[in-house]
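See below for the structure under consideration.
Any value given below was found using the heavy atoms of this structure, including those in side chains, with hydrogens, waters and symmetry copies removed.
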Amino acid sequence: MSTSLVEAVGLTREYRRPRRPPIRALDGVDLAIRPGETLGLVGESGCGKSTLGRLLLRLDRPTAGSVRFEGRDLAACDAATLRSLRRRFQIVFQDPYTALNPRLTIGASVSEGLEVHRLAAGAKLRRRVGGLLEEVGLDPADADRYPHELSGGQRQRVGIARALAVEPVFLVCDEPVSALDVSVRAQILALLRRLQERHGLTMLFIAHDLAAVRQVAHRIAVMYLGRVVEEAEADRLVRHPLHPYTRALLSAVPDLDPARGRSRIVLEGDPAGGGVGAGGCAFAGRCWHPARDDRCRREAPMLRTVADTLVACHHAERDPMTTGVPAP
């Protein structure tokens, strides 16, 4: 029996276009999230991160593959079952302003889920909304204000309170800090860590910024063009990345110690995999690994375990920073 709270198997999503080939946003993704952990999902814009998050919540349907939540196949659930399950999983969106109805007060937005699921009414509802606002660092009096009266950070706190209102066990955070100032990002990340520990939440934290992900995630999965190319415990992946794409992402994270003199890896070539032969590694056209060869262009690497890391690279055992030396 699976010990995962959420599990994706062979998840594929294609978007069809008239008179043109379909866009494959996800390509056979296998992913599992254990109860009480935060999985960070990182990659460039357009790699399929948000699509994966939506599929895990049944906000969209996969072209192929399946999603199981608490052992249930979400695709097989009828409308009534799915409605009851919606209490169990929620989402925090990227843009805190467009995610809130500008015509509703903050209190009305937060209380909506409580009313839909008939969890509270009257005075109990008002107390519950006030308590949620306090928990995310807002004043209960903010319940009478409108979204345009709040700052971006305050609006994102409202979005988090709204997601927590129905007491979910699984929370998808879809780039929740990318639209915020740097100082506010740190506050929201600290808030999410506290809430995860306090409520024992299971979280999928989606971002393109590895610096933000490493602050909240227990494990990190790296996506490239619809596929997971590396997955490991957060500390392991940050300290000893094996995939050249992961190394490039880490090189873009600002280093507060200039004495280390870390060099930036600039990826060249077509991000859409141009120049790669059919069936080859999608990253081969941009790969900077010195061991890159014709096999990379002919044969797609499968995820395999190398030194406690799942990695899809034919040359993961070889450290690209040295010549012929195995990776740590």
Could you go through residues 188-195 and list every donor-acceptor pair under 3.5 Å that involves a side-chain atom there, pairing it with any protein atom two or more places apart or in another chain?
from, atom 1, to, atom 2, distance (Å)
Arg193, NH1, Gln215, O, 3.4

- [ ] May I ask you to say whether Arg236 pairs ionically with Asp308, meaning some side-chain N is under 4.0 Å from a carboxylate O?
- [x] no
Task: Main-chain N/O of Cys287 paired to Arg292 side chain as donor or acceptor, under 3.5 Å - done: yes
Task: Arg34: partners by salt bridge (charged side-chain N to carboxylate O under 4.0 Å, His left out), with sequence neighbours left out - done: Glu37, Glu233
Task: Hydrophobic cluster membership, Val169 vs Leu39, 4.5 Å side-chain cutoff - done: yes
Open item on the list: Within the 3.5 Å criterion, strictly below it, is a donor on Thr105 or Asp144 matched to an acceptor on the partner's side chain?
Closed with: no
- [ ] Supply the atom-to-atom distance Leu100 CG to Ser109 OG, rounded to the nearest 0.5 angstrom.
- [x] 5.0 Å
- [ ] Answer yes or no: is there an ion pair linking Arg297 with Asp294, defined by an N-O contact shorter than 4.0 Å?
- [x] no
TODO: Scan Asp73, Leu11, Leu55 and name whichever one has a side chain to side chain contact (heavy atoms under 4.5 Å, CB included) with Ser66.
DONE: Asp73
- [ ] Could you give me the CA-CA distance, side-chain angles and deciding distance for Glu115 and Arg128, then say whether salt bridge (Lys or Arg N to Asp or Glu O under 4.0 Å) is met?
- [x] CA-CA 11 Å; Glu115 293 175 312; Arg128 175 65 177 149; over 6 Å; no
Open item on the list: Would you compute the distance between atom CG of Leu82 and atom SG of Cys77 and round it to the nearest 0.5 angstrom?
Closed with: 6.0 Å
- [ ] Can you see which heavy atom on Leu242 is nearest to which on Ala316, and at what distance?
- [x] CD2-O, 4.1 Å
- [ ] Examine Leu56 and Leu59 and state if one hydrophobic cluster contains both, with Ile, Leu, Val, Met, Phe, Trp and Tyr joined whenever side-chain heavy atoms are less than 4.5 Å apart.
- [x] yes
Open item on the list: If you compare all heavy atoms of Pro62 against all heavy atoms of Gly65, which two are closest, and at what distance to 0.1 Å?
Closed with: CG-O, 3.9 Å
Task: Heavy-atom side-chain contact between Thr246 and Leu249 under 4.5 Å - done: no
Task: Residue pair Asp174 / Phe205, side-chain heavy-atom distance below 4.5 Å - done: no
Task: Within one Ile-Leu-Val-Met-Phe-Trp-Tyr cluster: Tyr97 and Val184, side-chain cutoff 4.5 Å - done: no
TODO: Enumerate the residue pairs fulfilling salt bridge (Lys or Arg N to Asp or Glu O under 4.0 Å) with a member in residues 45-56, sequence neighbours excluded, ordered by first and then second residue.
DONE: Lys49-Glu175
Open item on the list: For His243 and Tyr224: C-alpha separation, side-chain torsions, deciding distance, then whether ring pair (Phe, Tyr, Trp, His ring centres under 6.0 Å) applies.
Closed with: CA-CA 11 Å; His243 198 283; Tyr224 186 77; 7.7 Å; no
- [ ] Identify, with sequence neighbours excluded, every residue that meets salt bridge (charged side-chain N to carboxylate O under 4.0 Å, His left out) alongside Arg88.
- [x] Glu70
- [ ] For the pair Thr38 (side chain) and His218 (backbone), establish whether a donor and an acceptor sit closer than 3.5 Å, ignoring hydrogens and angles.
- [x] no
Task: Cys47 and Leu225, any side-chain heavy atoms less than 4.5 Å apart - done: no
Task: Short side-chain to backbone donor-acceptor contact, Thr305 and Leu310, under 3.5 Å - done: no
Open item on the list: For a 4.5 angstrom cut-off between non-hydrogen side-chain atoms, does His315 reach Cys296?
Closed with: yes
Open item on the list: Would a single hydrophobic cluster contain both Leu85 and Val67, if residues Ile, Leu, Val, Met, Phe, Trp and Tyr are joined by side-chain heavy-atom contacts under 4.5 Å?
Closed with: yes
Task: salt bridge (Lys or Arg N to Asp or Glu O under 4.0 Å): pairs with one or both residues in residues 104-114, sequence neighbours excluded - done: none
Open item on the list: If we ignore hydrogens and angles and just use 3.5 Å, is the side chain of Asp293 paired with the main-chain N or O of Arg295 as donor and acceptor?
Closed with: yes
- [ ] To the nearest 0.5 Å, tell me how far Thr202 OG1 sits from Leu171 CG.
- [x] 10.0 Å
Task: 4.5 Å side-chain heavy-atom contact, Val228 and Asp30 - done: no
Task: pair Glu135-Arg198: side-chain heavy atoms closer than 4.5 Å - done: yes
Open item on the list: Main chain of Ala64, side chain of Thr12: is a donor-acceptor contact present, judged purely on distance under 3.5 Å?
Closed with: no
TODO: For residues Val229 and Val311, determine if any side-chain heavy atom of one lies less than 4.5 Å from a side-chain heavy atom of the other.
DONE: no
Open item on the list: Looking at every heavy atom in both Ala179 and Pro96, which two are closest together, and how far apart are they?
Closed with: CB-CD, 4.4 Å
- [ ] Just grab all the side chain to side chain donor-acceptor pair (under 3.5 Å) pairs involving residues 148-161, residues at least two apart or on different chains.
- [x] Ser151-Gln154, Arg157-Gln187
Open item on the list: Strictly distance-based, threshold 3.5 Å: is any side-chain N or O of Ser111 a donor or acceptor partner for the main-chain N or O of Gly107?
Closed with: yes
Task: Shortest non-hydrogen contact from Ala75 toward Arg58 - done: CA-NH1, 3.7 Å
TODO: Could you go through the side chain to side chain contact (heavy atoms under 4.5 Å, CB included) check for Val172 and Gln90 one step at a time?
DONE: CA-CA 6 Å; Val172 171; Gln90 291 289 306; over 6 Å; no
Task: Arg17 side chain vs Pro21 backbone, donor-acceptor pair below 3.5 Å - done: yes
- [ ] Could you check if a side-chain atom of Arg286 sits within less than 4.5 angstrom of a side-chain atom of Glu268, using non-hydrogen atoms only?
- [x] no
TODO: To the nearest 0.5 angstrom, please state how far the CG atom of Leu132 sits from the CD1 atom of Ile106.
DONE: 13.0 Å
TODO: Report the relative orientation of the aromatic rings in Phe69 and Phe89; use parallel for angles under 30°, tilted for 30 to 60°, perpendicular for over 60°.
DONE: perpendicular
Open item on the list: Using 0.5 Å steps for rounding, measure from the CE atom of Met203 to the CG atom of Leu5.
Closed with: 13.0 Å
TODO: First locate atom CZ of Arg145, then atom CG of Leu133, and finally report the distance between them rounded to the nearest 0.5 Å.
DONE: 11.0 Å
Open item on the list: I'd like to know if the side chain of Arg16 reaches the main chain of Pro22, judged simply by a donor and an acceptor atom lying under 3.5 Å from each other, with no hydrogens or angles considered.
Closed with: no
TODO: For Glu230 and Leu303, work out which heavy atoms get closest and say how close.
DONE: N-CD2, 4.4 Å
Task: Considering all heavy atoms, the nearest Val213-Ala207 contact - done: CG2-CB, 3.6 Å
Open item on the list: Checking the side chain of Glu14 only, and the main-chain atoms of Arg24 only, is there a donor and an acceptor separated by less than 3.5 Å?
Closed with: no
Open item on the list: Given the ring of Tyr15, does Arg13 sit roughly above its face, with NZ or CZ under 6.0 Å from the centre of the six-membered ring and within 45° of the axis?
Closed with: yes
- [ ] Test Leu41 against Met223 for side chain to side chain contact (heavy atoms under 4.5 Å, CB included), laying out the working first.
- [x] CA-CA 7 Å; Leu41 187 63; Met223 286 192 70; 3.6 Å; yes
Open item on the list: Would Phe283 and Leu267 count as a side chain to side chain contact (heavy atoms under 4.5 Å, CB included) here? Give the steps.
Closed with: CA-CA 10 Å; Phe283 188 60; Leu267 297 178; 3.8 Å; yes
Open item on the list: Determine whether a donor-acceptor pair (N or O, by modelled atom type, separation under 3.5 Å) exists between the side chain of His199 and the backbone of Leu201.
Closed with: no
Task: Cluster link Val136 to Tyr146, ILVMFWY, side chain under 4.5 Å - done: no
Open item on the list: Does Arg72, at its CZ atom, have more than 12 non-hydrogen atoms belonging to other residues, nucleotides or ligands within less than 6.0 Å?
Closed with: no
- [ ] Could you walk me through whether Ile220 and Val42 pass side chain to side chain contact (heavy atoms under 4.5 Å, CB included), step by step?
- [x] CA-CA 7 Å; Ile220 298 176; Val42 300; 4.1 Å; yes
